[in-house]
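Okay, structure first, notes after.
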There are 2 protein chains.
Amino acid sequence: MTTNILDRLKSNPSCLSKSERKVAQVILNDPNKAIRSSIASLAKSADVSEPTVNRFCRSLDCTGFPDFKLKLAQCLATGTPYVNRNVEPNDRVEDYTSKIFEATMSAVSDAKRSIDINALSRTVDALSQARRIGFYGLGASGSVAMDAHHKFFRLNTPCSAYTDALQQRMAAAAAKPGDVVVIISITGRTISLVETARIARESGATVIALTTPHSPLAENCHILLGVDSQENTDIYINMTSRIVYLTILDVLATGVTLKLGPEFQSHLKRIKTVLAEMRFSSSPTD
Amino acid sequence: MTTNILDRLKSNPSCLSKSERKVAQVILNDPNKAIRSSIASLAKSADVSEPTVNRFCRSLDCTGFPDFKLKLAQCLATGTPYVNRNVEPNDRVEDYTSKIFEATMSAVSDAKRSIDINALSRTVDALSQARRIGFYGLGASGSVAMDAHHKFFRLNTPCSAYTDALQQRMAAAAAKPGDVVVIISITGRTISLVETARIARESGATVIALTTPHSPLAENCHILLGVDSQENTDIYINMTSRIVYLTILDVLATGVTLKLGPEFQSHLKRIKTVLAEMRFSSSPTD
DNA sequence: TGTCATATTGTAGTAAAATTACTTAAATTG
DNA sequence: CAATTTAAGTAATTTTACTACAATATGACA
């Protein structure tokens, strides 16, 4: 994704001249006003000439003022007007709530843009032909693996989740060709998981990694579902990556279900009916 | 939020005249082109006059053409240009991937708008003063509970996750005043969980429910963290609510951490260091 | 069916906006 | 402290959006 215009404005003393910085300042003061202003009024507010505003837009890789307004408007609309603001000690509840929700949305949106459709497609193929499926995760990714298991066990392929390093190792060693092993790790650097991936490969299983690109785990799998963790925001990485992973697993489960075709829907319906009996009335799965 | 302009365009044969509909059609064909067009070129593409385009904008509650472009641009940027389209049998990978990602984003965005800050704040208070914390969930919410446990166990309050109905019942019965019980359920109608909530209340624990408003569970707790499940889209409910719940738990964990104050940060840092030793190098928690 | 009334669309002109080309001012460097 | 480069402004041009008005179409009713 081309970097957010607002961010560039905030962090760019270089590349802008003195008067251009005045323009930037005025825009940052009230971006929502800026997108509705004409070049003339903006120039007046910043106390510079109109062409200066125009040149300012060009230095930000826009073709002109209208183009700049458009891009600014879009970046304001993303709901993340000042993306990646970190939570700060004195934030009130509403402050950090907004920040976390926004960070989550922007992570999902980034992932949507950067996900490798081809890898996704090959994964759906592998999963729908699998003899058995295993989801492997430790720590925060452990619950992701459990969640994936809960999704996939309703399909008719045998399926397990392993959230313990030793179990994982044993399961990987016991894997056979035709098995699919999905390894989930935010860092992709946990030694035992990378080992597990290697073992699973040696056993002949298809190894799929849901992890950060270029990590050791990413280098040791057959299919990589890579998710770039956001550059700057340390704090949010754990929160947001996990959510992105869950979403990707939703996509995979959906893909496999579609592949299994319509005669399979009745099978799912039966499960729903059984679950409904546990309820005061109606509806889905907790 | 004012209803999305694109949606209005798609579903509005009324309120638009014949020529105005021609304009709408051209815009829907390539909205991204439309936001960069002048009124003249757009009028030409739609084979109508310029004032017609202008009148078209006015009938959509815009002050004029530039205003319309702005709103359209923003709604395209939201990433949810065609919200809530359901997955269909013949969707290609890229189709259902987009749909699921978009549904997720819009669910998070809706939740952000509708979440009760006051309830959130009281929950943070309760959690940070708790003698011990339990997270209860079954099915898909089971992994949410596990995840919450993984987040909270790093804070110094004793904390557990229960994902088994029997365990939950026993833990609820054993609860004491000062304990906080967080019950997670998408439907809020699972009989055993509603029972568990009642038992926990009787034991004197503070019961917090992360569930659908107006459900039996919602009526049986001290603090309700309600998340409306999306109206129409049946299929997505399970996927998206779970993600919203996780996000809310992120907010809670952040809130509690902030409340515990700065002298606590070193404690967290120590955990990170220990984890780092399990890695090929650097960084967070799987 | 013809006439009037209303609604819809288009034409032409105007004001405003954005951009260009050019000039002046400031800053940098040998 | 000149010479050259860079930055900023002035004024003219082009493009854009809008207004007022005219023309055409649509429809209701005698």
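In the text below, chain A, chain B and the rest are named by the order of the sequence lines, each starting its count at 1. Computed from a predicted structure; not experimentally measured.
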In this structure, how many angstroms lie between the C1' atom of D/dA7 and the CD atom of A/E50, rounded? 17 Å

With heavy atoms under 4.0 Å as the rule, sort A/V48 into base, sugar-phosphate or nothing. sugar-phosphate

Pairwise 5' ranking along DNA chain C for B/K22 and A/N54, keeping only the more 5' one: B/K22

Just do the salt bridge (charged side-chain N to carboxylate O under 4.0 Å, His left out) check on B/K71 and B/D67 with the steps written out, would you? CA-CA 6 Å; B/K71 285 180 176 159; B/D67 183 47; 3.3 Å; yes

To the nearest Å, how far apart are B/I39 CD1 and C/dA17 P? 15 Å

Under 4.0 Å from OP1 or OP2 of D/dT15: is there any side-chain N or O of B/S38 that close? no

For D/dT19 and B/R58 - does any side-chain N or O of the residue sit under 4.0 Å from the phosphate oxygens OP1/OP2? yes

Between C1' of D/dT14 and CZ of A/F65, the distance in whole Å: 18 Å

Let me know, please, whether B/P51 or B/K18 comes out on the 5' side of the other along DNA chain D by nearest nucleotide. B/P51

So, is B/R21 near the phosphate of C/dT9, with a side-chain N or O under 4.0 Å from OP1 or OP2? no

Distance check needed: D/dA17 P versus B/R36 CZ, whole Å only. 14 Å

Whole-Å distance separating the CG atom of B/L42 from the P atom of D/dT16: 12 Å

Atom pair distance, as rounded to whole Å: CZ in B/F56 and P in D/dC18: 13 Å

Roughly, in whole Å, what's the span from NZ in B/K69 to C1' in C/dA18? 12 Å

Return the value, rounded to whole Å, for the distance between atom CZ of A/R55 and atom P of C/dT20. 11 Å

Below the 4.0 Å mark, does C/dG10 have OP1 or OP2 next to a side-chain nitrogen or oxygen of B/T52? yes

Using a cut-off of less than 4.0 Å, is there contact between a side-chain N or O of A/S19 and OP1 or OP2 of D/dA8? yes

For B/A73, does its backbone N or O pair with a side-chain atom of A/Q74 as donor and acceptor, under 3.5 Å? yes

I would like to know whether A/D125 and A/R122 meet salt bridge (charged side-chain N to carboxylate O under 4.0 Å, His left out); could you show each step before the answer? CA-CA 5 Å; A/D125 289 344; A/R122 286 187 296 141; over 6 Å; no

Do the side chain of A/K112 and the main chain of B/M105 share a donor and acceptor less than 3.5 angstrom apart? no

Looking only at heavy atoms, the pair that brings B/Y245 and B/I186 closest together is OH-CA, 3.5 Å

